[in-house]
Amino acid sequence: MGIYEISLATLVSINIISALGLNLITGFCGQISLGHAAFYGIGAYTAALSAKAGLPFAGALLFGMALAGLAGLIVGLTSLRVREDFLAITTMGVGFLFIGVVRQNNFLGGELGISAIPQSGLPKLGFLAVVLILAALTTVFNLWIKKSWMGFAFEAVADDEDTARVLSLDVSAYKLTAFALGTALAGLAGGLYAFFARSISPDNFGFVTSISILSMVAVGGIGSVFGVLISTCLLTLMPEFSQVLSDYKLLVYGALLFGVMRFWPEGLAGLTSGLGRMVKIGGDSRKGEGQ
Amino acid sequence: MLYLELLIQGLVYGCMYAVIAVGLTLVYGLLRILHVAHAGLFALGAYLGLLVTNWTGSLSAGLLVSALLVGLAGMLIYRLCYQPILDRPPYVALIASIGLFIAMEEIFRLVFGPYGLTYKAAPLQSKVQFLGTTLRQADVGLVIMAVGLLAALSYLSQKTRIGVGWRATVDDPQMARAFGIDPVKVRYLNFFVGSALAAVAGVFVSLLSNVVEPTMGGVPSYKALAIIVLGGLGDVKGTLIASLVLGVVEAFGTIYIGKLLDRDAIAFALLIVILMIRPQGLFSRR
């Protein structure tokens, strides 16, 4: 593998961690978030600043993850007050607030961001291996959550919050857990990104980033782990492989996001389970994996 | 004197927000869709207004053509984009709308170029003295236009048969249908009126800065969302008040806490604080 391929694979893996984090919040627990990039950013800024202050690689990553998770817990509190459309706009607001604070504060690098972030101390291939392992662990963790008791509870909350409450599920606790876990994963991804890119600026963590993470989840099929894996690979690599497309990256993103939701609201996961149903006609009629 | 100047500046911005946000809140009230692509229509309105004004030399022609065409474009968006997914969960339409908005911005960039267009001879640029402050004619025009259009809208919805049918459909679609009102016609009307208002706002905003850029819809779109949420989603009166409040708070906030937060962050900080105190928005009856 050349340097270029290594850096692409690293980027894909980082995006997988962050998209799976959002999938936990939006897919499993049904709490829409339009501000995921803020937590990605909190992780990146925390890791970058603490690494510059002398913290080692692993410590900086953990610190970024913890701080992002804590911020996610606080933002999650809003989901106890507002629901659905109100929550979507509130989380979008959190994203703009984060960018606004970073832009205006010089100790956070201001408009220019932070550059000359210390190296992770690993060779490029070693760094990729670490990121790959973390992405794999995140995938396993997501699959495990989905099958666990908590996964069922998340599904109940996503399906119908009031019914879940009637079933004496502690809806608030599950929502907060989903937010804390999902945003901590975003923080981890952010920290890895900071060590990977070695310079970050507010533009990396704006609304467009939130939307592109959301599109990875939505195109894959909200709630489906494998759908999200595939769509994250596709959406990250597609602009790279075609120079023509690169200029139209945002147009393709927008059109894809719109097209999938308009014609195919269940995403890639809906496609595969739809095909599965067609192949297994007359077989058992269990519902395919969806949201 | 600074206070008065800030207040006036805030009210001018508030009027602009109001005209954009009313269209958005009308759509939400009727269909429960957060219509992000509304801001794309706002930018489209600015482009059309500028092109027609430059071509004919008349701002009125620009405003009229832009409002009509963008109104039709709004109806088209409803028919092609929203109607087929109305029975899906709300996030489907929201994400589709964001996708549409991003695509629209990119199309503007590809068609009209990334640097923006300017007026050949921008109208309404001369200065006016008002209460000891200096304003441009475009500021004054924006306020007059906003008040006039919103008054006309209020007349339309309160005093005419069409308006009664409209409000009935928003309140109770099934009952309205039972009384012979075609809900689909109401939706088309809703999108036409809302989009035409956004187009007019777009033209005036482009007059204030004398430039039309592909990204000009970005900030107003997210702020308009904040405003309609503050106003209680779907509530027109609440939306108008929230627009003016936001305009004024931003104007003062930029001066007094601009060191900590930029202008957009102030808007969203206000939104989050208010939502935590009143989750149903400032003026919602629900």
Side-chain angles (χ1 to χ4, degrees), chain A residues 26 30 32 34-35 75 77-78 80-105 111 158 202 206-208 210-212 214-215 217-219 222 247-266 291, chain B residues 28 32-34 36-37 40 80-82 84-85 88-107 109-110 218-219 222-223 225-230 232-233 257-273 275-281:
Chain A
T26 303
I32 191 146
L34 296 181
V75 172
L77 288 173
T78 64
L80 309 182
R81 283 292 270 172
V82 292
R83 283 193 199 181
E84 291 175 2
D85 294 330
F86 285 91
L87 181 62
I89 304 307
T90 308
T91 49
M92 183 181 89
V94 170
F96 280 97
L97 204 54
F98 170 74
I99 293 294
V101 170
V102 171
R103 283 226 161 101
Q104 300 292 315
N105 286 287
E111 291 281 353
F207 187 63
V208 173
S210 287
I211 292 307
S212 58
L214 183 64
S215 65
V217 175
V219 169
I222 291 192
D247 285 343
Y248 299 87
K249 186 177 166 191
L250 268 176
L251 180 61
V252 172
Y253 247 117
L256 199 68
L257 210 53
F258 169 70
V260 168
M261 286 296 117
R262 162 74 174 76
F263 295 105
W264 222 358
E266 271 134 49
Q291 65 263 47
Chain B
Y28 191 88
R32 299 276 173 273
I33 289 176
L34 288 174
V36 179
L80 297 179
C81 308
Y82 292 136
I85 50 176
R88 297 276 174 184
Y91 72 82
V92 172
L94 173 64
I95 298 175
S97 190
I98 292 173
L100 188 64
F101 175 53
I102 295 174
M104 282 171 90
E105 275 193 333
E106 286 301 294
I107 291 171
R109 187 175 64 88
L110 294 170
V219 172
Y222 309 126
K223 253 181 225 167
L225 287 175
I227 288 167
I228 68 168
V229 167
L230 276 184
L233 277 178
I257 50 173
K259 285 234 156 44
L260 290 174
L261 296 170
D262 63 6
R263 195 184 175 98
D264 305 340
I266 290 170
F268 284 104
L270 179 74
L271 167 83
I272 294 169
V273 168
L275 275 188
M276 289 307 104
I277 302 167
R278 274 185 69 84
Q280 69 277 47

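Values below: all heavy atoms of this structure, side chains included; hydrogens, waters and symmetry mates excluded. Below, chain A is the first sequence line, B the second, and so on; all start at residue 1.
Between B:L275 and A:T78, the closest side-chain pair of non-hydrogen atoms is not below 4.5 Å.
Using a 4.5 Å cut-off between heavy atoms, A:L251 contacts chain B through both its backbone and its side chain. Using a 4.5 Å cut-off between heavy atoms, A:L97 touches chain B through backbone and side chain atoms alike. When heavy atoms are compared at a cutoff of 4.5 Å, A:I89 approaches chain B by way of both its backbone and its side chain. A:F207 touches chain B through its side chain: at least one heavy atom from C-beta onward sits under 4.5 Å away, while N, CA, C and O do not. B:I277 touches chain A through its backbone: at least one of N, CA, C or O sits under 4.5 Å from a heavy atom, while the side chain does not. Of the atoms belonging to B:I228, not a single heavy atom falls under 4.5 Å from chain A. For chain B, the nearby parts of A:V94 are the backbone and the side chain; heavy atoms of each come within less than 4.5 Å. If you measure heavy-atom distances from A:L256 to chain B, you find no contacts under 4.5 Å at all. Contacts of B:L225 with chain A are made by both backbone and side-chain atoms, with heavy-atom separations under 4.5 Å.
Between A:V260 and A:A218 the shortest heavy-atom distance is CG1-O, 4.2 Å. Between B:L80 and A:R262 the shortest heavy-atom distance is O-NE, 2.7 Å. Across all their heavy atoms, A:F86 and B:V229 have their closest contact at CD2-CG1, 3.4 Å.
Contacts with chain B were tallied for A:S215, A:A88, A:G259, A:G93; A:G93 has the most, counting heavy-atom pairs under 4.5 Å. For the set B:A269, B:A93, B:P84, B:A267, the count of heavy-atom pairs under 4.5 angstrom toward chain A peaks at B:P84. Of the listed residues (B:L110, B:L94, B:I107), the greatest number of heavy-atom pairs within a distance under 4.5 Å of chain A belongs to B:L110.
Separating the CE atom in A:M92 from the CD1 atom in A:I211 is a distance of 9.0 Å, to the nearest 0.5 Å. Note that CZ of A:F263 and CD1 of B:I85 are 9.5 Å apart. Values are rounded to the nearest 0.5 Å.
Applying the salt bridge (Lys or Arg N to Asp or Glu O under 4.0 Å) test to residues at least two apart or on different chains, none of the pairs has a partner in residues 88-98 of chain A.
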Result block: side-chain N/O donor-acceptor pairs under 3.5 angstrom for residues 95-103 of chain B, not counting sequence neighbours:
from  : atom 1 : to    : atom 2 : distance (Å)
B:S97 : OG     : B:V36 : N      : 2.9
B:S97 : OG     : B:A37 : N      : 3.0
B:S97 : OG     : B:Y82 : OH     : 2.7

